[in-house]
Structure formats: structure tokens, C-alpha cells
There are 2 protein chains.
Amino acid sequence: MLAKTPHPLAPLVDKLEYAHVLSEEDRAAVLALPHSLKALEPHSYIVREGDKPTSSCLLRNGFAFRHKVVGDGGRQICSIHMKGDMVDLQNSLLGYADHSVQALTRIEVAFIPREAIRQIAFDRPAVGMAMWFDTLVDGSIFREWITNVGRRKARLRLAHLLCEFSLRLEAAGLGKRDDYTLPMTQEQLADCTGLTSVHVNRTLRGMDADGLLTRTNRSVTVSDWKKLAKVGDFRSAYLHLREDQLEIVQ
Amino acid sequence: MLAKTPHPLAPLVDKLEYAHVLSEEDRAAVLALPHSLKALEPHSYIVREGDKPTSSCLLRNGFAFRHKVVGDGGRQICSIHMKGDMVDLQNSLLGYADHSVQALTRIEVAFIPREAIRQIAFDRPAVGMAMWFDTLVDGSIFREWITNVGRRKARLRLAHLLCEFSLRLEAAGLGKRDDYTLPMTQEQLADCTGLTSVHVNRTLRGMDADGLLTRTNRSVTVSDWKKLAKVGDFRSAYLHLREDQLEIVQ
DNA sequence: CGAGCGTTTGATCGGTGTCAAGGATCGTGG
DNA sequence: CCACGATCCTTGACACCGATCAAACGCTCG
């Protein structure tokens, strides 16, 4: 194990340690999981609704999102994923994909057989607990999104989404919370928030005009993060990040 | 074990067997979990946002719901729970309640210490897998709710919610899908769907006028379930029920 | 330099929210 | 048994947020 390049599954270890630090043997067991690597272009599908996947997919870098399509063709994005996320535990363990997962940017992934996941989860309780914990945090984020989309107005929704994104990026070591790259189009932001792209545009421009943030290309610069969090009715508890991942959040 | 009354934890066994049938020993181990029983009046809280619960709560009968409150006082209900649901795995395993859980009707619950849950989950992989599966199904329902609230119009949202409710009731053995008791006020329906109670009222009356359903008191009678499912853009896959729990659904 | 995608802006429409008041139902106590 | 209050349902009038339609503009990458 004296390879210079990081181990392909290293991001998974990092993510699982969000909850609790793992022992050296547990870490080694995770890294020893069987897997196959693959790179995917933007827009390509990892899973399509209706598939019956038998592998779970670890996102090694880049961004991906889950979405559902409704009867009239409308699309709802249910979550955004980044480095270290097990993007498809849900579909593979449940056996039937009730939604699609798609690459947002160019991504590198590792497919891990479902059975290997099950096995390590029960052979190594600490790993199993970390995975369970992870799916519970996913659930917590889903609840917050239900609330965001159901009960907040356009500006709050967007501010909230941007706050969530910034903290998760920071926790994953991918940027500063008040200055980061947002790899999404306004249409995708709209599909996250249940709005239209036109309204997202107007709302973002309004926030820009009010000095809340600046958007150039795909990057976001927040002038006053706490102010944005206040506007977005954002409290970070639901992300269940460790204290030291949050630092000086209110 | 020759008691005539069913075991207090029997509903949990039934629920866990939604996924896969358990062995006799696994069943016995679940029933042997330490627990304390309690009855709660409508509106009473099982957990409040901000609590740090150390027990999980099994709903033995009656109905409960999770909700979050936003900055302006608005409330969003994130899920409805019924007999057999572990209503608070999420909060207790995560250690911090990011939302509240409240009794909808009069309920009977059993509190099970978090540690006992962890232990059985890893001592008995089949039980652990069933619990994990259950939290994944919860996640799947959350995603559908995000989609419902984010991308469907009022009538579809309500029709969808009523369809979900009817199938879950049927699967739990609590009613027929086209004729059941709905223990919710219109305001609570509004908080599930991100609407206002006034609009819920108008929409339900409209559906009634169009012959889709009849509501008297708290009961719902669906004249043509498949038609309602079509109106509500409802496909049952996301509930991940077994074939034999669904019977003749499209 | 042109094509394609994403952004920006304007005009108008419509679904849902808001405010307000009256009606139905049910449990409770006199 | 009736009266009363509380809660929930129903309905109307009106306001407004965000959707829709349409067109121009600006990147970015062949």
C-alpha cells in the first residue's frame, strides 16, 4: 500500500468517518471492497428509474443528482451528491430503482457489488453503523428539502439550497462556504427548488442586486454568509455534521 | 408465550417482514427487545426538534406525523406514520432531533433503547437488514413527497397523497384502499402538501363534485381507485411493497 | 465565425394564498 | 336534554407570487 495516488475508495472512507472515526482494520476492510472503476460524461445516467441494479455506486469525484419525472414531464431533483457519497445504496439495496441518478459534471465512480456492501455492513458493525448513519442523514436532508419546497418562498428556497451546498462542499473539502463553484445551471436549480428557470434567474438577480451574493459563470461568492443563512432560514443541524466540520456556524 | 393478547411488539415484527420473512429465532429476538409502553393523547409530542433522544419509538397503533417548522411559522409535515412504524429511529440513532414527531390520534407506543436496536441489528443480520431496508423505504417516500410538493398541482398532490395513504393502510391491514378512515384535518392535509387549508378544501370539494371521491367526517370513499391514481400521477413502486401486499395494482 | 446552450428580460396569465365571515359538528357541562 | 364553546369545514372577494410565452443576448467550443 505504498502507492502515491490515493486509493480509489479513499473518498468512501472519508465520508463514512463523518460520523465516527473508524479503526485501522475497518478502514482497510472498506478499501478492500471489490469494485470496478468508471468515468462518466455529464448527463449520463448512473441508474434509470425502473432499473434493477445489483451494484452500488460510489462517487469518487464530480457531482451527480437524483431526480424523478412526473406525469406532465416536469422534473424534480431530490438530491445533489458529491465526492464520497454512495449515490445508489438506496436503489441497489431496495432492488428496484424508483428514481434516476445522473451525472451533473464529469464524474469518476466505483461500482461495488450489493452483496459486498451487505457483508461488510454486518461483518464490521462500525462500518455498518456508519452506512446506516449515512442513509439516515440522507433522510434528514430529504425532509429538509420537503420543507424547503413546501413552505418557503422562492428567495428563501434558493438561499437555503445555496447554504446547504456551501456547507456540504466545505465538509467534503471542496471549497469555502462563502466562495465556491456551483456546477449547476439555473434550470437545474429550478428543478431542485420546484421553481421555473425563469423565476430562478429573476430571484438570483434580485439577491445579487441586494448584495447577498455574486454569481459569475458557475461560481458563487457570498458576501455575508450568516446573512444569507438568515435570509434562507437555514440552520445546519439537519446535516448532522461534526462540530469540527462546521467550525464557526451559528 | 400463551398469552391471548398479542405481544406488544408484534406490529414491529409484522412491519419488518414487509421486506423478507424472518426466522423464528429472529422474530423471538425482536419480541424480546426491552421496551416500555405508553399511551399518548392526540397532539402530544413524541419528540421535539432539538431533543437528544436515546430511545426509539415504535408506534403500536394509531397515527403520528413528523413535521418541521419554518421561520415564518409555517409548518410542513414530512411523513405520516401508522401501526408498526419505528417513528423515531432517525432521531435516536442520529442523536439529535432535527424535527418533531407528534401524535395525530390517540396512540400507543413502545420505547426501545437505542442500544438495544443497535445490538439486535448487528447480532441478527436479517433483522438489521430489515431495519435498514425500512429506513431506505422511508427515504424513498421522502423523495416522492419532495416531487409531489415540488412539481405537482394541488389536485394531483392531494390525489397522490390519498393514494399513498390508502395503499399503506391496506398493507398494514387497516382498511380497504377505496374506503378508509382518514384521521386528518384539512389543515393537516395542507401541511402535508404545501398548500393552505382553504385551498385543500376547495380542491377536495372539486374532486368530490367530479365524482372522484366522497368525504364524510374523516372517512374517504374512492369511487374508482385506478382513476384517482391516474389523476394523482400515482405509481406505487416507490412504496416498495411486496407483490402480495399490492394485489391488483397496475 | 457560427451553432448551441444558458442567461436575461418583458408582458401577461393563472393558480394559490390571504383575509374574512358564516355554518356544521362534536364534546362538555349545566 | 339543551346550551355553549371549540374546532373544523365552507365559501366569497381579492391580491400576489410564480408560471408561461416569447425574444434577445452572451458565452463557449468546435
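In what follows, every chain begins at residue 1, and chains take the letters A, B, ... in the order their sequences are listed.
Atom CG of B:Leu161 is separated from atom CD of B:Glu144 by 11.0 Å, given to the nearest 0.5 angstrom. For the atom pair CG (A:Leu174) and OG1 (A:Thr181), the distance works out to 9.5 Å, reported to the nearest 0.5 Å.
Here B:Gln186 reaches the OP1 or OP2 of D:dT10: one of its side-chain N or O atoms lies under 4.0 Å away. Between C:dT7 and A:Asn201, no contact under 4.0 Å exists linking OP1 or OP2 to a side-chain N or O.
Following rounding to the nearest Å, B:Met184 (CE) and D:dC8 (P) show an atom-to-atom distance of 12 Å. Atom-to-atom, CZ of A:Arg155 to P of D:dC16 comes out at 18 Å; the value is rounded to the nearest Å. For the pair B:Leu204 CG and D:dT11 C1', the computed distance is 15 Å after rounding to whole Å. A:Arg215 places its CZ atom 17 Å from the P atom of D:dG26, with the value rounded to the nearest Å. Here the C1' atom of nucleotide C:dT7 and the CG atom of A:Leu189 are 12 Å apart, to the nearest Å. A:Leu182 places its CG atom 14 Å from the C1' atom of C:dT7, with the value rounded to the nearest Å. The distance between atom CD of A:Glu187 and atom P of D:dA19, rounded to the nearest whole Å, is 13 Å. Atoms CZ (A:Arg205) and C1' (D:dC25) sit 12 Å apart, rounded to a whole Å.
With ring centers used as reference points, A:Tyr238 lies under 6.0 Å from A:His160. In summary, the aromatic rings of B:His43 and B:Phe63 are positioned with their centroids too far apart to meet the 6.0 Å limit.
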With sugar-phosphate taken as primed atoms, P, OP1 and OP2 and all else as base, the protein-contact string of nucleotides 17-29 of chain C at under 4.0 Å (heavy atoms; B, S, -) is SBB------S---

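Within 6.0 Å of the CD atom in A:Glu108, the count of heavy atoms belonging to other residues, nucleotides or ligands exceeds 12.
Contact of the A:Trp225 side chain with the A:Ser166 side chain is registered, since non-hydrogen atoms from C-beta on lie closer than 4.5 Å.
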